[in-house]
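This report concerns only the one structure given below.
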Amino acid sequence: MSFDLFTCCTGADDAKYIHPCACPTTSLQFQAEHIDGVLCGRNEFYNAANNVYHSSPPKRYLTKTNTYNQTITCSNWCPTTVFSRSVYSNSTISYTFDSNGNCINPPFTILEVYSNLSRDDCDGAETTRYDPHDELGDNFAQSTTFSSTSFNSPYNCTFGVTGSNVGTITTTLSNEDTEQAVIARKTPINISENSSLYSTRTTGYTFVYRTCAYTINCSNLIVGFDYKVTPTIRKRTAIHGAFDRINYGTFEDVEVTPYTFTATATTETIDDNGNPIDVDLVQGYQYEVTGATIEKV
Amino acid sequence: MFKDKNRPKPITSVNDIPGYKEQEFKLGDQVEKIAQPIAKAIDAVIGTNIQECGGCKKRKAALNKLTSKAHKFK
C-alpha cells in the first residue's frame, strides 16, 4: 500500500487519512440461477451376488418394461392345459415431468388380458391382471438394466381342481435420465449467490447445478487514469457424499487475467459486452468470487 | 473474461478425484477383525480352536458376497 500526494491512493485504506483522497473502489453485483437436480426414474438394478453393481455415479432409467411369459395348466380345461401367453406391449410404464421439470411417478395401471379357452362343456375362461409396476427385487438382476425371475405356483382351476402356474417375469430398463436432461428441464431459482457450483454425484442421484454471473462497478475514478481490475476468485472441489451432503475441498486461489481500462468518467461498469460476466463452471467444483481489487497502472 | 487460467478437468465420477481410491467393502472381513481377537482369547483360555472354525469361514465368505462396493478416501 502506498500513498502519493499527486497520484492519490494505490490501494490504501482511505479511512486512515485525515484528508481522504477517495481511493478507487469496486463493488460487485451478482445474479445466480440455482438448480437442485435429481435424476428421475427407476434405479438401475443391483445384485452383488451376480456381480451386478451400480454404476459410478449411479444411473436411473425413465422407462420400465415388464414381459410376462406364463403358462397355466388345468386338467379340467379344454384342452387340458393350454393357456400360454407372452405380454410385452402395454406393459411399459414411463416416468414423466411436471411443468417445472419435477419427476412424476407413473400412474397405477393394471393390464388385463382376457382369454376364453372354453370348448365343449369345459370352463377355461381366464382373465389375468398384470401390473407393470411389479418389482422383482434387485436380487434377480442379471445386469444393471435387466432383471428376471421365474415362478411356479399352484393355480385354482375352479371346481376344486388345482393346476399349476409357471412362468417368467422380465423387467428391462431403458431411456436413461441424465444430469444434462435434468438441467435442461428444470426451472432454475434466481438467488443472490456469489459462487457457481456443479457438484459431482458419487452414490446418490442428487446434485447441485448453479450458474453465477456478476458485474463490477468501479467508482472514485480519475478521468484519464489507467486502472487495473482483478476479481478475487477461489475454487474448491464439491463432491456429493452420503446423505446428499456436499463435501467440499480446500479453497485455492484462481488466477485470472486482469482487466485494464482508461477512465472516461468517475465510474465504470465492467461486464462482458453488456452482459454479466460468467463465473467459471466446472463439474465437481465451486467457484466463488469474493471481491475485486482496483489499482492505478 | 476473468477465466481460470488453470481450469481443472471436470470431475464426473469419484474416479476423477485425485487421491480417491475405490475399495471393496467386505462385511465378512470387518466382522472377522472384531471376532478374531475374541476367539484368540477364548482359545487361549479354554483350549478351543475357534479361530480356525470352518463355519466361521463360510459365514465370512457369505457376508463378503452380500456386501457391496463402497468408496473410501485414501
Side-chain angles (χ1 to χ4, degrees), chain A residues 46-58 138-139 179 196 198-203 207 213-216 229-242 247 249 252-259 270-273 275-285 287 289 292, chain B residues 1-43 48-74:
Chain A
Y46 170 89
N47 183 1
N50 284 357
N51 290 321
V52 176
Y53 297 102
H54 288 151
S55 308
S56 178
D138 289 345
N139 288 340
E179 292 180 15
S196 69
Y198 186 3
S199 63
T200 297
R201 295 184 296 117
T202 53
T203 57
F207 63 96
Y214 60 102
T215 54
I216 303 174
V229 175
T230 310
T232 310
I233 305 174
R234 56 184 188 169
K235 67 185 173 192
R236 59 180 176 175
T237 56
I239 311 296
H240 249 101
N247 295 319
E252 57 179 298
D253 293 335
V254 172
E255 186 184 354
V256 298
T257 303
Y259 175 77
I270 300 173
D271 55 25
D272 189 4
N273 294 319
N275 298 311
I277 304 159
D278 289 329
V279 179
D280 277 300
L281 180 66
V282 179
Q283 186 176 13
Y285 288 87
Y287 276 80
V289 182
Chain B
M1 192 177 210
F2 300 134
K3 292 303 176 191
D4 186 356
K5 285 185 175 178
N6 303 303
R7 187 179 170 89
K9 288 167 66 174
I11 300 172
T12 56
S13 78
V14 289
N15 299 320
D16 296 334
I17 305 170
Y20 198 85
K21 181 187 174 189
E22 188 176 66
Q23 292 182 347
E24 199 166 2
F25 175 80
K26 294 182 173 178
L27 182 58
D29 293 350
Q30 302 303 313
V31 172
E32 185 187 38
K33 275 185 186 173
I34 299 166
Q36 271 295 323
I38 299 168
K40 190 177 179 182
I42 294 171
D43 288 347
T48 53
N49 188 20
I50 301 172
Q51 282 186 91
E52 299 302 322
C53 144
C56 303
K57 292 188 189 306
K58 283 180 186 170
R59 280 189 286 276
K60 174 188 165 185
L63 284 172
N64 281 343
K65 200 173 180 183
L66 277 175
T67 48
S68 66
K69 286 182 179 177
H71 299 100
K72 286 181 177 178
F73 282 103
K74 272 181 183 173

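These figures come from a predicted structure and were not determined experimentally. Values reported hereafter were calculated over all heavy atoms of this structure, with side chains retained and with hydrogens, waters and symmetry mates removed. Proteins come first, then strands; the chains are lettered A, B, ... in the order of their sequence lines, and each starts at number 1.
Smallest separation of non-hydrogen atoms from Asp4(B) and Asp280(A): N-OD2, 2.7 Å. Nearest heavy-atom pair, Pro10(B) versus Val282(A), reported as atom, atom and distance to 0.1 Å: CA-CG1, 3.7 Å. The two residues Ser56(A) and Ser13(B) come nearest to each other via the heavy atoms O-CB, 3.5 Å.
Residue contact with chain B, scored on non-hydrogen atoms closer than 4.5 Å, involves the side chain of Tyr287(A) exclusively. The contact between Val279(A) and chain B is made entirely by backbone atoms, counting heavy-atom distances below 4.5 Å. There is no contact between Phe207(A) and chain B, counting heavy-atom distances below 4.5 Å. Only the backbone of Leu281(A) comes within contact range of chain B, with heavy atoms under 4.5 Å apart.
Residues Met1(B) and Asp271(A) have side chains not in contact (no heavy-atom distance under 4.5 Å, counting atoms from C-beta outward). Put simply, the side chain of Ile270(A) reaches to within 4.5 Å of the side chain of Phe2(B), judged on heavy atoms.
In terms of heavy-atom pairs under 4.5 Å with chain B, the best-connected choice from Thr237(A), Thr200(A), Asp278(A), Ile233(A) is Thr200(A).
Other residues, nucleotides and ligands place more than 12 heavy atoms under 6.0 Å from the NZ atom of Lys5(B).
For Lys235(A) (side chain) and Arg7(B) (main-chain N/O), no donor-acceptor pair under 3.5 Å exists by modelled atom type.
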